[in-house]
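Notes for the one structure printed next.
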Amino acid sequence: MTENTAPRVRIAPSPTGYLHLGTIRTALFNYLFAKKEKGIFILRIEDTDTERSLPIYEKDIIEGLKTLGISWDEGPDIGGPYGPYRQSERKEIYREYIKKLLDEKKAYWCFCSPQELEEERKAMLAAGIAPKYSGKCRHLTQKEVEEKIKSGQKGVIRIIAPTSTTIEFNDLIRGKITVSSEIIGDFVIAKDEETPLFLLANAIDDSLMKITHVIRGEDHISNTPRQIIIQKALNFEIPKYAHLPLILAPDRSKLSKRKMETSFVEYLKEGYLPEAILNFLVLLGWHPENDQEILSLEEMIKLFNLKRIQKSGAVFSVEKLDWFNAQYIKNLPLETLVERIKNFVPAAWLEKEEILKKAVVVERDRMKKLSEFKELAEFFFEIGEWEVETLRWQGMSLNKVVLNLKNLYDAINKIDEKDFEISKLEKEIMPLAETLGRGESLWPLRVALSGRKSSPGPFEIMWVLGKKETLSRIEAAIKKASELL
Ligand code: GLU
C-alpha cells in the first residue's frame, strides 16, 4: 500500500439482526471517506456465525443502506475483483490460511477445557498477574494433536502471540495506541481448520480485499492489536485504523441495547425520513468546520474530513433526531412529502387527494414525524364527535357563540368559491371578526370547523375544506349549540 493508492474502505456487518443506526453511522463515515478521497467502498457480509446469521437480515441491511442512498462499489450483490464478499463463501480461503499458520507453527491446537482455563485464570489473578492463556498446549507434538483429534477431544486453534514486546498502531482518530503483548497471550483464532473466528476472518478479508483504512466502532479497538498480530503472522499489509467514538445515552452512560438495536425499518415506520436519519447520524461524532447543521449527502461528502471526528463519545438524543426530522419535513418539496405521507394515512384519504395535499401544507410545520400526520389531520376528513362546550371562548355564552357563528356564516357565504385562499379569506373575514371580538368569533369558528381545542387557524382550515364543507360544518355547529339554548 503506497500513500498514493486510492483508499479502499468497507462496512462489514454481521447479518445477525436488522440494520440499525450504529451500522448506518459506520457505513456512512466509510462511504463519505471513500467519496471524498475518490476511493472504493465495499460491502462485506460477515456471516461466519451460522447460527445467528440469517438471509433476511442480510436483505434488510442491503435494502436499508440503499434506501438511505449509501451505495457501494463492490459487494455480495454486485461482485467485484476481490470477491466473494460473503464470508460464508470464503471458507476455502480461510482454510488455506489456517493451514498455513499451523504448518508454519505460528498457530497450534489447544485442547484445554473451559474448567482448566478458568483455573489457570484464577491462579494468575491470585498471583497478581494479568490473566492470559499460559501456552500450555503450544508444546503438544503433532502426534499428540492427531491422537486427541482422533479420540474426539474438542479443541480450538490459537495463534502464538509475541511476548516481551508492544503492539503499536496509529489510530487516525485517537493517535498512537500501544498495548503490551504481556496482556494478550496466545488467543483463539479458529474453532477448527475451516472455521475461523471473527478476529481471523475479518483480518484476512481486510488484507485480501486490500482495505487501506479500517473505519469502525470503538467497541472494536481491543481487537485491533490482535488483528495486527494475525496480519503480521501472515505477512499481510496492515491497514490504517480509525475507531469511531461510542454512541452514548444522554446521561453519557452506555446506550441501551434496545435503543442501539432498534431497526432502521422501525424508524421509517414511525415516520422518520432517511435524509433526517443520515443527517442526525453524521453529526454523532463529527461536525464540519463551518458548523453547518443541515447537510445533504452531497454536502456531507464535500465537507467530510476524518480528522474532524471526535474522540469522546457522541450523545444520542431522540429530541435531536426529532428536531432534524421536523426540519426535513418542513423543507421537503411538497409533492415528495405528500407521496411519503400517503404511507401513513387510511386508504380512504387517498381518494381525496386535493384535501390531503392542502392538509399537508397546513400541518407540515406541526409534525415531528410523518406518523403524527394522521392524528393531526383526521378532522379534515371526518370531524367526528366533539363537545359543544369547546365552542365557548373564555366562558362566553352559547347565545353569543350562535350569534357570532351566524354572522360569520353569512359573511363566508358571500365569498366566491374561487376566493377561498388563506390570505383572501383572512382579508374578508377579519374586519367582521374584529367587530365581534377576535376571541369570541375566531375561536368558535375554528372549533366549528375542526371540533378541536387545537388546530391550524380557521382560514387555513377553510382553505383546505372548501366553501361547501366549511358552510356545512358551521351550520352543524350552530345547530348543535342551538339545541342547548
Ligand atoms: N462484523 C463486525 C461487526 O459487525 C465488523 C467489525 C469491523 O468493522 O471490523 O461488528
Side-chain angles (χ1 to χ4, degrees), residues 7-34 39-55 57-62 64-65 70 72 74-76 82 84-91 93-94 169 171-174 177 187 189-190 195-231 234 236-247 254-255 257 260-264 281 285 306 309:
R8 290 175 56 83
V9 293
R10 80 325 187 255
I11 177 77
S14 304
T16 53
Y18 294 107
L19 177 65
H20 58 72
L21 299 194
T23 303
I24 299 174
R25 184 188 67 149
T26 307
L28 177 61
F29 282 162
N30 276 282
Y31 172 81
L32 295 177
F33 180 69
I40 298 288
F41 176 51
I42 295 154
L43 170 66
R44 181 173 76 228
I45 297 292
E46 301 210 320
D47 56 351
T48 45
D49 181 346
T50 45
E51 268 158 43
R52 292 172 59 227
S53 297
L54 289 178
Y57 295 139
E58 178 185 319
K59 190 163 171 269
D60 182 75
I61 292 168
I62 291 185
L65 291 173
I70 298 179
W72 41 96
E74 297 170 24
Y82 300 94
Y85 293 90
R86 204 176 273 116
Q87 288 190 328
S88 55
E89 293 163 19
R90 298 174 64 80
K91 287 206 175 113
I93 300 174
Y94 306 135
F169 65 98
D171 189 283
L172 296 175
I173 295 163
R174 324 188 72 79
I177 294 185
F187 56 93
I189 53 168
T195 318
L197 293 189
F198 157 75
L199 281 176
L200 180 65
N202 178 274
I204 291 177
D205 289 347
D206 281 343
S207 296
L208 296 185
M209 292 180 182
K210 304 234 180 310
I211 300 301
T212 57
H213 299 71
V214 171
I215 304 170
R216 61 183 177 185
E218 197 191 308
D219 46 328
H220 284 289
I221 205 159
S222 62
N223 292 328
T224 303
R226 287 171 177 78
Q227 296 195 300
I228 291 175
I229 291 173
I230 295 171
Q231 285 156 343
L234 289 168
F236 283 150
E237 294 254 15
I238 294 164
K240 293 193 166 105
Y241 284 92
H243 290 93
L244 303 172
L246 290 178
I247 301 179
K254 209 170 158 232
L255 200 63
K257 211 168 149 61
M260 209 43 232
E261 289 178 4
T262 303
S263 81
F264 169 58
L281 288 176
L306 208 53
I309 293 180

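In listed order, ligands and their atoms are each counted from 1.
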Any N or O of P13 that comes nearer than 3.5 Å to an N or O of ligand 1?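 Checking ligand 1 against P13, no N or O pair falls under 3.5 Å apart.
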Is it true that a side-chain atom of H20 and a backbone atom of G22 form a donor plus acceptor pair closer than 3.5 Å?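 Side chain of H20 to backbone of G22, a donor-acceptor pair under 3.5 Å: yes, one is there.
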Run the ring-centre check on H213 versus F29 and record whether the distance is less than 6.0 Å.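 No, the ring of H213 stays outside the 6.0 Å limit from the ring of F29, centre to centre.
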Please name the pair of heavy atoms, one in D205 and one in Y94, separated by the smallest distance, quoted to 0.1 Å.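 Distance-wise, the nearest heavy atoms are OD2-OH, 2.6 Å.
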To the nearest 0.1 Å, how far is atom 5 (C) of ligand 1 from its closest protein heavy atom, and which atom is that?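 Among all protein heavy atoms, the one nearest atom 5 (C) of ligand 1 is A12 O, 3.2 Å.
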Please determine whether the number of non-hydrogen atoms from other residues, nucleotides or ligands lying under 6.0 Å from atom CZ of F41 exceeds 12.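 Enclosed: over 12 neighbouring heavy atoms sit under 6.0 Å from CZ of F41.
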Nearest heavy atom to atom 10 (O) of ligand 1 wins, so pick from R10, H220, E46, Q87.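 Comparing heavy atoms across R10, H220, E46, Q87, the nearest one to atom 10 (O) of ligand 1 lies in H220.
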Please state which part of N223 comes within less than 4.0 Å of ligand 1, counting heavy atoms only: side chain, backbone, both or neither.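 No part of N223 comes within reach of ligand 1.
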